[in-house]
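These notes concern the structure reproduced below.
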Number of protein chains: 2
Amino acid sequence: MRKENSTNFINNVTLENFCNAHKVLSKISGRWKLSILFALSEKETNYSDFKVVLPDITDRILSKQLKELKIDGLIGNRKSKLESIYFLTDKGEEIMAVLRMFKKL
Amino acid sequence: MRKENSTNFINNVTLENFCNAHKVLSKISGRWKLSILFALSEKETNYSDFKVVLPDITDRILSKQLKELKIDGLIGNRKSKLESIYFLTDKGEEIMAVLRMFKKL
């Protein structure tokens, strides 16, 4: 994550809100993470289903983005004999609840 | 703004929420825009005050980011004899209200 800029906000609440927003946005930035999170907000998804929901994504990018989102604690996965099912964690759900509040610009 | 990925979400509401979030995030992405928006959420600010709040920012970058945020309708400015005062527009305030909801990861 890029170094946060040094800022001299007047109020500590502003700084805290800024840091929270900056951290979340840096963890969901990138061309595909938002799409993956919104896909998982609809339903738990296995690897091959992602390719149906996101037809343009390559295997290399999908695995990398899933791995990063998992490391950051926004998604989890359950392994069964045949497949690995991905889902949003509580933290992921929390972020989605906020992301859904953005209105049409 | 980068081409949105083609997605096959099940539900149109998901697609709409995704598009809104994607557009907002692309307009506030970049190292300095978030800092500028949070600075303006504290108080209306003139150009030189930005350099106090954001000591690391260069003139070139500050003018570019302010111009882009203005074109995107998130900030406005009022010119008086001596200075130009920047402020959040209603749209900017709306986005800030959402950004403040991100909790500590």
Side-chain angles (χ1 to χ4, degrees), chain A residues 1-11 13-43 45 49-57 61 72-74 91-92 94-105, chain B residues 1-11 13-43 45 49-57 61 72-74 91-92 94-105:
Chain A
M1 193 184 71
R2 235 173 310 169
K3 173 183 148 311
E4 270 165 44
N5 325 316
S6 70
T7 54
N8 296 316
F9 294 126
I10 303 165
N11 171 326
V13 172
T14 305
L15 180 60
E16 200 188 324
N17 288 335
F18 166 73
C19 290
N20 291 343
H22 182 272
K23 271 190 189 127
V24 169
L25 295 185
S26 60
K27 293 206 189 294
I28 63 170
S29 65
R31 188 167 163 194
W32 289 102
K33 286 188 179 166
L34 204 63
S35 314
I36 290 169
L37 289 171
F38 271 93
L40 289 176
S41 73
E42 287 199 309
K43 68 181 180 67
T45 305
D49 280 355
F50 272 119
K51 309 297 289 290
V52 172
V53 180
L54 309 171
D56 295 346
I57 201 165
I61 288 180
D72 287 335
L74 305 188
K91 220 191 262 185
E94 229 176 70
I95 286 171
M96 287 311 297
V98 176
L99 289 175
R100 285 192 201 98
M101 288 181 190
F102 283 123
K103 293 213 191 70
K104 198 167 179 55
L105 266 188
Chain B
M1 195 183 71
R2 234 172 312 168
K3 171 184 155 305
E4 271 164 45
N5 325 316
S6 71
T7 54
N8 297 316
F9 294 126
I10 304 164
N11 175 326
V13 171
T14 305
L15 180 61
E16 200 188 324
N17 288 335
F18 167 72
C19 289
N20 292 343
H22 181 273
K23 273 191 186 125
V24 169
L25 296 184
S26 62
K27 293 206 187 296
I28 63 170
S29 65
R31 188 165 164 196
W32 288 101
K33 287 187 178 166
L34 203 63
S35 314
I36 291 169
L37 291 170
F38 271 94
L40 289 176
S41 71
E42 287 200 310
K43 69 180 180 67
T45 305
D49 280 354
F50 273 120
K51 308 298 289 290
V52 173
V53 180
L54 309 172
D56 295 345
I57 200 165
I61 289 180
D72 286 336
L74 305 189
K91 221 191 266 185
E94 231 177 67
I95 287 173
M96 287 310 299
V98 176
L99 289 175
R100 285 191 201 99
M101 290 182 189
F102 283 123
K103 293 211 192 70
K104 199 167 178 55
L105 266 188

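The sequence lines fix the lettering, A, B, ..., with proteins before strands; numbering per chain opens at 1. These values consider heavy atoms only, across backbone and side chains, with no hydrogens, waters or symmetry-generated copies.
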Go through A:I57, A:V24, A:L25 and name the one with the most non-hydrogen pairs under 4.5 angstrom from chain B. A:V24
Side chain, backbone, both or neither: which part of B:T14 has an atom under 4.5 Å from a heavy atom of chain A? both
Side-chain heavy atoms of B:I10 within contact of A:V53, under 4.5 Å: no
Rounded to the nearest 0.5 Å, the CD atom of A:E94 sits from the CZ atom of B:F102 at a distance of 10.5 Å
Restricting to non-hydrogen atoms, name the atom on B:V52 and the atom on A:N8 that form the minimum distance, rounded to 0.1 Å. O-ND2, 2.7 Å
Within the supplied structure, the quantity of interest is the number of heavy atoms (other residues, nucleotides, ligands) at a distance under 6.0 Å from B:K103 NZ; does it exceed 12? no
Applying a strict 4.5 Å limit to non-hydrogen atoms, the region of B:I28 in contact with chain A is side chain
Heavy-atom distance under 4.5 Å to chain A: side chain of B:K104, backbone, both or neither? both
Flag the pair A:T7 / B:F38 as yes when at least one side-chain heavy-atom distance between them is below 4.5 Å, and no otherwise. no
Got more than 12 heavy atoms from elsewhere within 6.0 Å of CD, A:E16? no
Less than 4.5 Å apart, any side-chain heavy atom of A:N20 and any of B:L105? no
Given 3.5 Å as the limit, does a donor-acceptor pair link the side chain of B:E42 with the main chain of A:N11, or not? yes
For A:L74, is it the side chain, the backbone, both, or neither that has a heavy atom closer than 4.5 Å to a heavy atom of chain B? side chain
Are there over 12 heavy-atom neighbours, none belonging to B:K51, within less than 6.0 Å of that residue's NZ? yes
Contact part of A:V98 toward chain B, heavy-atom cut-off under 4.5 Å: side chain, backbone, both or neither? both
With heavy-atom distances below 4.5 Å as the criterion, would you say the side chains of B:L99 and A:F18 are in contact? no
